[in-house]
Asker: 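Provided herewith is a single structure, encoded as structure tokens, for subsequent inquiry.
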Protein chains: 2
Amino acid sequence: MAESAGPAGNETLLFLTDDQIRKGIEAMFFAYRGFTADPDRILAVQGYGRAHHRAIHFINRSPGTTVNNLLAILGVTKQSLNRVLRTLIDDGLVLSEVGTRDRRERNLYLTEAGAALERELSTAQRDRMRAAFRQAGPDAVAGFRRVLEAMMDGDMRRHYMRFREF
Amino acid sequence: MAESAGPAGNETLLFLTDDQIRKGIEAMFFAYRGFTADPDRILAVQGYGRAHHRAIHFINRSPGTTVNNLLAILGVTKQSLNRVLRTLIDDGLVLSEVGTRDRRERNLYLTEAGAALERELSTAQRDRMRAAFRQAGPDAVAGFRRVLEAMMDGDMRRHYMRFREF
DNA sequence: TTGGAATGTCAACAAGGCTGACATAAATTG
DNA sequence: CAATTTATGTCAGCCTTGTTGACATTCCAA
């Protein structure tokens, strides 16, 4: 090809140079800090951490979800999750009900207090995300989603896609 | 406006509905896991963690950087960074040289062994990022970058932009 | 020379990962 | 029915990585 040029040897692939990729890597690093900054501040007041936020988020997303399902989504050990879940249950933010179909399972729900904290956290996080979306524009948002979806591990993509329709 | 419709009350803002935003939030969460998965596996073998990776990455990006500069970029306490830096120096991956201009400062460099580990880590991470970029396409990559840049805190954006030209 | 800045270090603590072991209850399977 | 598997909880202990506080050293600059 006569128009071949540059380090990548192909102009159509210039967005795949190592430097472009490195910028993407650093963008992920710095942006993730912003992404978690607002919830982190709110959680710190209550003495909670990101692990609590994640549990609250996914229980809110799928009320009645089981411990096992949460373990698969969060990718942590049951001991680790249990510690977090225990404090949330003891503090009255999460309700754990014995399963009806299978009584070994525990169905997890947010209490009113839990839902209130969830709203506080997600409002803060959504405000920043909304501002970023608005600033970048709809086409950028679509691209953002496409790249992130391509970056996920297969297992995680399944958990993500399961609620795509909403 | 006659065409006003939907929860947002404006068709041109449909990408800003709470559900769209929530999808963006979960995309960040799941994608970040993929983003760190490969380096995490490599680091675990050596007995290192993400903190070591971050230090190695930014020393490699800016050879001769000072401890203070690294602190500002990483956003941790000097005690926390010092512990990580200490192990890297003791293990012969990082070289700490007394500053010439200001002898209170320490200029940090990767040794050959440190550079080797850096290459191993960044190759793994870049491979995934490159695959995601290729799959999503150049326009999506541009959007990805725009959204992430808009999501950063001001301080972090400054650190990010400082090396934009590469 | 004195103050302040940059750095290092020690100690203590907490969150939240991990592994391993073990208990219990309930469902499932042979 | 008995044995096994599954879902969950819990205890103990370990690691990384964050935090605060205190204090020493070095050295630049006013």
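Lettering of chains follows the sequences in order, A, B, ..., and the numbering in each one begins at 1.
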Asker: Rounded to the nearest Å, what distance is computed from the CG atom of residue B/Asn69 to the P atom of nucleotide C/dA5?
Answerer: 18 Å

Asker: Can you tell which of B/Leu93, B/Leu110, B/Leu117 makes a side chain to side chain contact (heavy atoms under 4.5 Å, CB included) with B/Leu88?
Answerer: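 Considering B/Leu93, B/Leu110, B/Leu117, a side chain to side chain contact (heavy atoms under 4.5 Å, CB included) with B/Leu88 is found only for B/Leu93.
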
Asker: A/Leu71 CG to C/dC18 C1': how many Å, rounded?
Answerer: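 Those two atoms, CG and C1', are 14 Å apart.
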
Asker: What do you reckon, are the aromatic ring centroids of B/Phe29 and A/Phe58 less than 6.0 Å apart?
Answerer: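 So the answer is yes for these two rings.
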
Asker: Look at the side chain of A/Gln79 and the base of C/dG20, then say whether one donor and one acceptor between them are separated by less than 3.5 Å.
Answerer: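 Checked by distance alone, the answer is yes.
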
Asker: Please check the phosphate of C/dT7 (OP1 and OP2 only) for any side-chain N or O of B/Asn68 closer than 4.0 Å.
Answerer: yes

Asker: To the nearest angstrom, how far is A/Lys78 atom NZ from C/dT24 atom C1'?
Answerer: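 Result: 11 Å.
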
Asker: Does A/Ile42 belong to the same Ile/Leu/Val/Met/Phe/Trp/Tyr cluster as A/Tyr48, with side-chain heavy atoms less than 4.5 Å apart forming each link?
Answerer: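 Same cluster.
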
Asker: Between atom CG in A/Asn82 and atom P in C/dC18, what is the gap in whole Å?
Answerer: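 Those two atoms, CG and P, are 13 Å apart.
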
Asker: For C/dA15, does either OP1 or OP2 sit under 4.0 Å from a side-chain N or O belonging to A/His52?
Answerer: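 The answer is no; no side-chain N or O of A/His52 sits under 4.0 Å from OP1 or OP2.
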
Asker: I need the residues from residues 93-105 of chain A with at least one non-hydrogen atom less than 4.0 Å from DNA chain D; give them sorted by number, or say none.
Answerer: A/Arg104, A/Glu105

Asker: I need the NE2-C1' distance between A/His53 and C/dA15, as an integer number of Å.
Answerer: 17 Å

Asker: side-chain hydrogen bond (donor to acceptor under 3.5 Å, both in side chains) for B/Thr36 and B/Arg50? Distances and angles first, verdict last.
Answerer: CA-CA 8 Å; B/Thr36 57; B/Arg50 267 182 220 177; 3.1 Å; yes

Asker: Using whole Å, report how far CZ of B/Arg50 lies from P of C/dG16.
Answerer: 14 Å

Asker: Hey, can you tell me if A/Phe35 and A/Tyr32 have their rings parallel, tilted or perpendicular (30° and 60° cut-offs)?
Answerer: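 The rings of A/Phe35 and A/Tyr32 sit tilted, inter-plane angle from 30° to 60°.
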
Asker: May I ask you to evaluate whether A/Arg54 reaches the phosphate of C/dG17, defined as a side-chain N or O under 4.0 Å from OP1 or OP2?
Answerer: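 Checking A/Arg54 against C/dG17: at least one side-chain N or O falls below 4.0 Å of OP1 or OP2.
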
Asker: Are A/Asp90 and A/Arg86 ion-paired here, with the side-chain N under 4.0 Å from a carboxylate O?
Answerer: yes

Asker: Between C/dC18 atom P and A/Arg83 atom CZ, what is the distance in whole Å?
Answerer: 9 Å

Asker: Would you mind reading off the distance between A/Asp40 atom CG and C/dG16 atom P, rounded to a whole angstrom?
Answerer: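 Rounded to whole Å, this separation is 10 Å.
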
Asker: Looking at the rings of B/Phe144 and B/Phe133, which for Trp means the six-membered one, are their centres under 6.0 Å apart?
Answerer: yes

Asker: Students often get this wrong, so: under 4.0 angstrom with heavy atoms, is B/Arg86 touching a base, only sugar-phosphate, or nothing?
Answerer: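 Here B/Arg86 touches the backbone only, sparing every base.
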
Asker: Are side-chain heavy atoms of B/Val67 and B/Leu81 found at a separation under 4.5 Å?
Answerer: yes

Asker: Just so I know, are the side chains of A/Asp127 and A/Arg130 near enough to count as touching, which here means a heavy-atom distance under 4.5 Å?
Answerer: yes

Asker: Give A/Gly75 one of three labels, base, sugar-phosphate or nothing, depending on what nucleic acid heavy atoms sit under 4.0 Å from its own.
Answerer: sugar-phosphate

Asker: Where does the chain A footprint on DNA chain D start and end, counting 5' to 3' with a 4.0 Å heavy-atom cut-off?
Answerer: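 Going 5' to 3' along DNA chain D, contacts run D/dT6 to D/dC11.
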
